[in-house]
Amino acid sequence: MSSKHTSKDPLAQGRHFFEDVWDVVRQVPRGRVTTYGAIAGYLGSRMSARMVGWAMNAAHALPDVPAQRVVNRNGMLSGKAHFGSPTRMQELLESDGVIVEHDQVSDFARLFWDPAVELAL
DNA sequence: TTATTGACGGGTA
DNA sequence: GTACCCGCCAATA
């Protein structure tokens with residue numbers, strides 16, 4: 001991360017968007033999952049779910065960011081291809097106690113962890 | 001410099 | 001119910 005501020009209006013975010021994303025993801029409890037849109041909405045940019053994906057890409061270098069707990073709104077492991085192996089994301093989720101079938105989280109609605117609700121800020 | 005893409009989501013047809 | 005289009009911000013070509 002270096003020294004470049006790409007945000008033209010940092011005050012609007014109060015902080016770097018990526019850092020906020022990582023901070024939220026780190027708060028996702030084991031055995032739970034969240035979505036890109038939920039994180040984006042929690043941060044204030046409801047339609048910038050894509051940026052959460054980019055943040056995850058950058059988070060790849062961070063130790064405590066469980067990106068496997070972040071899936072798309074369908075509960076599908078859309079980012080599994082970006083893990084070490086095609087099955088790595090599923091294995092990590094199963095290790096968390098999450099059932100995954102056909103690249104999709106079982107009982108996704110039940111396991112869904114919404115920062116806007118759980119953090120309730 | 002502009003154009004296209006990307007770990008997405010919602011609204012509209 | 002599915003399909004398509006637009007918008008978000010950043011990085012890459």
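Every heavy atom of this structure was used, including side-chain atoms; hydrogens, water molecules and symmetry mates were not. Each chain gets a letter, A, B and so on, in the order the sequences are listed, and its residues count up from 1.
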Side-chain donor or acceptor of A:Thr35 paired with backbone N/O of A:Ala38 under 3.5 Å: yes
Stretch residues 67-80 of chain A: residues that reach within less than 4.0 Å of DNA chain B through a heavy atom: A:Ala67, A:Asn72, A:Arg73, A:Ser78, A:Gly79
Per-nucleotide protein contact string for nucleotides 3-8 of chain C, where B marks a base within reach and S marks sugar-phosphate only (heavy atoms under 4.0 Å, - for neither): ----BB
Approximate separation, where rounding is to 0.5 Å, of A:Ile39 CD1 and A:Gln27 CD: 10.5 Å
Nearest-nucleotide 5' precedence on DNA chain B, A:Trp54 against A:Thr35: A:Trp54
Outermost nucleotides of DNA chain B that come under 4.0 Å of a non-hydrogen atom of chain A: B:dG6 to B:dG10
Whole-Å C1' distance, B:dA7 and C:dA3: 22 Å
Pairwise P distance, B:dA3 and C:dC6 [rounded to whole Å]: 16 Å
Which atom of A:Gly79 lies closest to which atom of A:Tyr36, heavy atoms considered: N-OH, 4.1 Å
Hydrophobic cluster of A:Val71, others only, ordered by chain and residue number, side-chain cut-off 4.5 Å: A:Val33, A:Leu77, A:Phe83, A:Met89, A:Leu92, A:Leu93, A:Val98, A:Val100, A:Val105, A:Phe108, A:Leu111, A:Phe112
A:Val24 side chain reached by A:Trp113 side chain, heavy atoms, under 4.5 Å: yes
Nearest-0.5 Å distance that lies between atom CG in A:Asp20 and atom CE in A:Met51: 14.5 Å
Test item: A:Arg69 and A:Val25 side chains (from C-beta on) under 4.5 Å apart, heavy atoms: no
Interatomic spacing from CG in A:Asp96 to CD in A:Gln68 - rounded to 0.5 Å: 5.5 Å
Atom pair OG (A:Ser78) and CZ (A:Arg73), whose distance is rounded to the nearest 0.5 Å: 12.0 Å
Heavy-atom side-chain proximity of A:Leu62 to A:Arg26 below 4.5 angstrom: yes
Of residues 91-104 of chain A, the positions that come close to DNA chain B - non-hydrogen atoms, cut-off under 4.0 Å: none
Separation between CG of A:Asp114 and OH of A:Tyr42, rounded to the nearest 0.5 Å: 10.0 Å
Kindly list each side-chain donor-acceptor pair under 3.5 angstrom involving residues 52-61 of chain A, sequence neighbours excluded, with atom names and distances?
{"residue": "A:His60", "atom": "NE2", "partner": "A:His82", "partner atom": "O", "Å": "3.0"}

